[in-house]
Number of protein chains: 2
Amino acid sequence: MPTAREEFIRQTGLMTQAEGGARIAGQILGYLIVEGAPRTLSDMTEALKISKASASTNARLLEMKGLLRRVAVLGQRQDAFEAVPMPGVQSLIGMAQRFRAHADEIERIARGFSEDEAGARARVEEFAAFYRQSAAFFDEWIENVTRSQGPFAATGEKEGDDEHA
Amino acid sequence: MPTAREEFIRQTGLMTQAEGGARIAGQILGYLIVEGAPRTLSDMTEALKISKASASTNARLLEMKGLLRRVAVLGQRQDAFEAVPMPGVQSLIGMAQRFRAHADEIERIARGFSEDEAGARARVEEFAAFYRQSAAFFDEWIENVTRSQGPFAATGEKEGDDEHA
DNA sequence: CCAAATGTTCAATTCATATTGAACGTTCTG
DNA sequence: CAGAACGTTCAATATGAATTGAACATTTGG
């Protein structure tokens with residue numbers, strides 16, 4: 001029977017995969033969430049049984065997406081990563097950006113329709129409008145959730161090493 | 001130089017792919033949007049240069065997801081498909097469902113943490129809460145956008161065959 | 001009833017991408 | 001300075017999913 005930790009890590013991997021991402025990236029995120037403190041690439045490779053290359057690539061991918069933060073631990077030579085306070089928010093931010101980009105692109109294409117395709121053009125523009133409005137709505141939700149647990153909000157707890165010793 | 005129609009179809013294919021779906025499914029959707037009227041599987045195969053199997057499978061996939069509606073054209077032997085009024089909404093509905101399922105699963109796993117992992121458990125539960133709240137927010141937006149252009153709202157126009165003759 | 005047309009399904013293939021092993025450059029450490 | 005530790009990159013592989021061709025069942029029209 002797998003431990004809850006293992007199950008959670010496996011689940012975040014599957015979730016990330018279901019959302020169109022890389023399985024290992026999700027596992028790394030889950031791992032850092034349960035750990036609750038900075039962990040090195042070596043930690044990941046042995047905890048998740050993955051190659052050094054995968055750990056490096058996926059961690060940096062997550063870092064660029066804003067789900068992970070690279071921290072320098074004093075007295076520690078290696079880089080370390082930790083999950084940001086609300087990792088899911090970053091995914092939504094990316095989603096909003098994609099939606100807006102989609103809207104832009106579709107609207108650009110819509111302008112290319114000729115005079116006798118007015119109906120098609122209208123439908124295409126309506127389609128684009130939906131993406132633009134959804135992006136705006138995402139922003140609203142992101143701002144809402146970011147306000148309470150903002151990037152500079154005191155978390156009140158910063159432990160994590162004390163457990164599972 | 002490609003026509004605007006072609007560009008749009010190609011773009012919806014890429015978009016769908018970027019969102020983790022099948023390219024051809026997106027192309028079918030784009031095709032039906034520009035057409036603005038029911039089209040058969042044969043229409044799709046020749047317009048999109050795809051196999052009969054792909055047309056059938058992907059169309060039915062989109063139908064199950066609620067982006068397409070199968071309509072019986074009078075005097076027409078073949079089945080025909082048309083895009084529903086706001087196809088994007090259905091994607092969001094699916095997203096909300098996935099998020100809620102994620103939340104359920106993570107919360108279930110969270111209950112499996114032992115006493116000495118209280119910190120980890122709290123972080124995991126917080127993670128789940130985000131998905132649950134986001135799902136609720138999606139629902140809100142869906143209901144909002146569905147109210148105005150509801151499933152029973154008169155669209156006012158149902159042409160589409162008159163163009164690009 | 002027969003032949004053509006239509007839609008579905010499934011195994012096979014193609015295709016894209018995730019993952020890895022190995023080589024490299026860099027930085028630390030003794 | 002020499003050697004180890006570390007992180008990155010890239011070509012190669014493995015993995016999984018999308019797409020297809022072919023076979024099948026069903027329906028239609030002659």
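Below, chains carry the letters A, B, ... as their sequence lines are ordered, and counting in each starts from 1.
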Q: Using atom CE of A:M64 as one end and atom C1' of D:dG7 as the other, report the distance to the nearest whole Å.
A: 15 Å
Q) Taking OP1 and OP2 of C:dT27, is either one under 4.0 Å from a side-chain nitrogen or oxygen of A:R77? A) no
Q.
Rounded to whole Å, please give me the gap between CD in A:Q78 and C1' in C:dT27.
A. 13 Å
Q. Atom CZ of B:F81 and atom P of C:dT8: how far apart are they, to the nearest Å?
A. 6 Å
Q: Give a yes/no answer on whether the side chain of B:S56 brings an N or O atom under 4.0 Å of OP1 or OP2 in C:dG7.
A: no
Q: Give a yes or no answer on whether the side chain of A:D43 reaches the backbone of A:T40 with a donor-acceptor pair at less than 3.5 Å.
A: yes
Q) For the side chain of B:Q90 and the backbone of B:P87, is there at least one donor-acceptor N/O pair under 3.5 Å apart? A) no
Q) What is the distance, rounded to the nearest whole Å, between atom CG of A:L61 and atom C1' of C:dT20? A) 17 Å
Q.
Please check: side-chain N/O of A:S54 versus main-chain N/O of A:S51, any donor-acceptor pairing under 3.5 Å?
A. no
Q.
Does anything in residues 40-54 of chain B come within less than 4.0 Å of DNA chain C? Heavy atoms only, and list the residues if so.
A. B:L41, B:K52, B:A53
Q) Looking only at atom types and distance, does a side-chain atom of A:E6 sit under 3.5 Å from a main-chain N or O of A:T3, one as donor and one as acceptor? A) yes
Q. In whole angstroms, how far is the C1' atom of C:dC15 from the CD atom of B:Q17?
A. 11 Å
(Q) Can you measure B:I24 atom CD1 to C:dA16 atom P for me and round it to whole angstrom units? (A) 12 Å
Q.
Does a side-chain N or O of B:R23 approach OP1 or OP2 of C:dC15 to a distance below 4.0 Å, or not?
A. no
**Q.** Salt bridge flag under 4.0 Å for residues B:E105 and B:R108
**A.** yes
**Q.** Side-chain N or O of A:R60 closer than 4.0 Å to phosphate OP1/OP2 of D:dG7
**A.** no
Q: Check the distance between D:dG29's C1' and B:Q76's CD and give it to me in whole angstrom.
A: 15 Å
(Q) Whole angstroms only, please: what is the CG-C1' distance between A:L68 and D:dG7? (A) 16 Å
Q | Donor-acceptor side-chain pairing of A:E117 and A:S114 below 3.5 angstrom | A | yes
Considering only distance and modelled atom types, tabulate donor-acceptor pairs under 3.5 Å from the side chains of residues 16-33 of chain A, sequence neighbours left out.
{"residue": "A:T16", "atom": "OG1", "partner": "A:T12", "partner atom": "O", "Å": "2.8"}
{"residue": "A:E19", "atom": "OE1", "partner": "B:R98", "partner atom": "NH2", "Å": "3.1"}
{"residue": "A:E19", "atom": "OE2", "partner": "B:R98", "partner atom": "NE", "Å": "3.1"}
{"residue": "A:E19", "atom": "OE2", "partner": "B:H102", "partner atom": "NE2", "Å": "3.0"}

